[in-house]
**Student:** 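Sharing a structure, written as structure tokens. Questions coming.
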2 protein chains.
Amino acid sequence: MSKPLLVSEQQAEASKDHRFGKFSLDRIDAAILRELSKDARLPRAELSRRVGLSTPSVADRVRRLEDVGVIRGYHADIDPACLGYGLALLIRARPLPGQMQNMIEAIRSTPQIVSCDRVSGEDCFVARAHVHDVIEMEAVIDRIVPFGATNSSVVQSSPVENRIEQLISLARK
Amino acid sequence: MSKPLLVSEQQAEASKDHRFGKFSLDRIDAAILRELSKDARLPRAELSRRVGLSTPSVADRVRRLEDVGVIRGYHADIDPACLGYGLALLIRARPLPGQMQNMIEAIRSTPQIVSCDRVSGEDCFVARAHVHDVIEMEAVIDRIVPFGATNSSVVQSSPVENRIEQLISLARK
DNA sequence: CATGAAACTTTCTGTTT
DNA sequence: AAACAGAAAGTTTCATG
């Protein structure tokens with residue numbers, strides 16, 4: 001049978017669920033992250049009620065989460081369709097030999113491309129673009145085409161959308 | 001030479017840059033969207049200074065943008081790497097005949113998958129997942145595999161990240 | 001759309017455990 | 001070191017013009 005824990009050890013055990021390199025997250029931090037990922041403008045007062053802590057304590061924790069980089073920022077979620085962008089595209093691209101930098105430059109300088117990942121495997125890049133119509137779709141693709149092979153798809157629906165809060169409960173280490 | 005505009009016509013001309021189905025956006029709305037997509041927690045007072053309007057007017061406009069759906073919400077941007085998720089994946093998947101619904105269900109019920117688009121063309125789905133290690137990577141892929149062909153890539157870097165504010169200036173109609 | 005007053009929230013200070 | 005309570009500063013909201 002194991003030796004009983006001191007009160008301070010019990011508290012440490014209960015509060016520090018996860019340890020990372022420079023910081024640790026407990027279940028209250030997790031609750032804060034869940035709430036703020038759902039609503040970034042939630043007032044500190046209401047947030048403190050939900051996580052069961054005083055307002056200054058919650059404010060301190062949020063500041064710390066920002067400082068260590070867990071919270072990278074707060075962004076309004078804009079609907080491109082409401083701005084007239086009727087088509088969302090996924091563009092996979094593979095640069096020709098020696099055209100890697102030119103392709104990256106073409107992708108970066110195309111404002112309709114809102115995100116792009118470089119990935120392992122056959123396709124080098126997977127980019128997401130929003131365009132008003134097929135005319136603009138062609139114009140976007142034609143900016144990439146000179147530098148390699150591309151494969152464009154139109155987004156028909158999104159079965160899962162922006163669900164990062166699911167990760168918070170699963171976090172470990 | 002064209003007939004001079006009435007004051008009311010001039011104002012309409014100057015303020016209604018874009019017309020959509022049910023609403024119109026002028027350059028001040030665009031400026032508000034740009035600011036809030038960069039920082040959702042920007043105080044209305046500071047926002048009103050930046051767009052050159054009084055605080056109540058800006059508050060009204062923001063409320064309207066929320067009501068018509070241009071602003072879908074406000075979210076904290078959480079860094080999965082800081083939660084211990086060392087690997088980001090893009091998983092392309094194509095269901096076997098008759099397995100479409102099962103594959104959608106498998107994707108929806110996998111919490112490591114944070115977003116998924118159904119697209120035209122050869123691959124039906126493109127999903128994004130965050131996992132702690134290759135063990136968890138295999139577990140995620142194995143949830144999809146029974147229902148079709150998959151092609152997984154590891155995200156190595158992201159040349160373009162979350163750049164939706166670029167769309168605001170280009171919006172038209 | 002702007003001004004000014006009231007209500008609320010955030011932040012700061014000091015204090016406690 | 002972390003959390004709390006109260007006071008001060010700022011912001012949002014609501015009335016009115």
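Hydrogens, waters and symmetry mates play no part in the numbers below; they use all other heavy atoms, side chains included. This is a predicted model, so every value here is computed, not measured. Here is how names work: the chains are called A, B, and so on, in the same order as the sequence lines, proteins then strands, and each is numbered from 1.
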**Student:** Just to verify, what does B:Asn162 make a side-chain hydrogen bond (donor to acceptor under 3.5 Å, both in side chains) with, not counting sequence neighbours?
**Tutor:**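 Scan of B:Asn162 (side-chain hydrogen bond (donor to acceptor under 3.5 Å, both in side chains), adjacent residues dropped) gives none.
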**Student:** Would you please name every residue forming a side-chain hydrogen bond (donor to acceptor under 3.5 Å, both in side chains) with A:Arg41, sequence neighbours left out?
**Tutor:**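 For A:Arg41 there are no side-chain hydrogen bond (donor to acceptor under 3.5 Å, both in side chains) partners, ignoring immediate neighbours.
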**Student:** For a quick check, with a 4.0 angstrom heavy-atom cut-off, what is the B/S/- contact string for nucleotides 11-17 of chain D, read 5' to 3'?
**Tutor:** SSBB---
**Student:** Using modelled atom types and a 3.5 Å cut-off, is there a donor and acceptor pairing between side-chain atoms of B:Ser57 and backbone atoms of B:Leu53?
**Tutor:**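 Here the side-chain-to-backbone pair does not exist.
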**Student:** Look at the side-chain N and O atoms of A:Arg61 and state whether any lies under 4.0 Å from the OP1 or OP2 oxygen of D:dA3.
**Tutor:**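 Looking at the OP1 and OP2 atoms of D:dA3, one of them is under 4.0 Å from a side-chain N or O of A:Arg61.
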**Student:** List the residues meeting side chain to side chain contact (heavy atoms under 4.5 Å, CB included) with A:Glu122, not counting sequence neighbours, and say none if there are none.
**Tutor:**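 Counting only residues at least two positions away or on another chain, A:Glu122 forms no side chain to side chain contact (heavy atoms under 4.5 Å, CB included).
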**Student:** With A:Gln112, which of A:Arg128, A:Glu136, A:Arg143, A:His130 fulfils side-chain hydrogen bond (donor to acceptor under 3.5 Å, both in side chains)?
**Tutor:**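 Passing option: A:Glu136.
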**Student:** Does A:Asp60 come within less than 4.0 Å of A:Arg63, counting only side-chain N to carboxylate O?
**Tutor:**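 Salt bridge: yes.
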**Student:** How many Å lie between CD on A:Glu66 and C1' on C:dT11, as a whole number?
**Tutor:**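 It is 14 Å, rounded to the nearest whole Å.
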**Student:** Quick one: list whatever passes ring-ring contact (aromatic ring centres under 6.0 Å, His included) with B:Tyr85, sequence neighbours left out.
**Tutor:**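 Checked B:Tyr85 against ring-ring contact (aromatic ring centres under 6.0 Å, His included); matches are B:His132.
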**Student:** Over how many whole Å does the gap from B:Asp60 atom CG to C:dA2 atom C1' extend?
**Tutor:**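 From B:Asp60 CG to C:dA2 C1': 11 Å.
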**Student:** Considering just the side-chain nitrogens and oxygens of A:Ser57, establish if one lies under 4.0 Å of OP1 or OP2 belonging to D:dA3.
**Tutor:**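 So the side chain of A:Ser57 is outside the cut-off, no N or O lying under 4.0 Å from OP1 or OP2 of D:dA3.
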**Student:** For A:Glu138, look at atom CD and say whether over 12 heavy atoms of other residues, nucleotides or ligands are found less than 6.0 Å away.
**Tutor:**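 Count not over threshold, so no.
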**Student:** Per the end-axis method with five pairs at each terminus, what is the bend angle of the helix from C:dC1-D:dG17 to C:dT17-D:dA1, to 10°?
**Tutor:**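 The value is 30°.
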**Student:** Without decimals, in angstroms, what is the distance between A:Ile28 CD1 and D:dC4 C1'?
**Tutor:**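 The answer, rounded to whole Å, is 13 Å.
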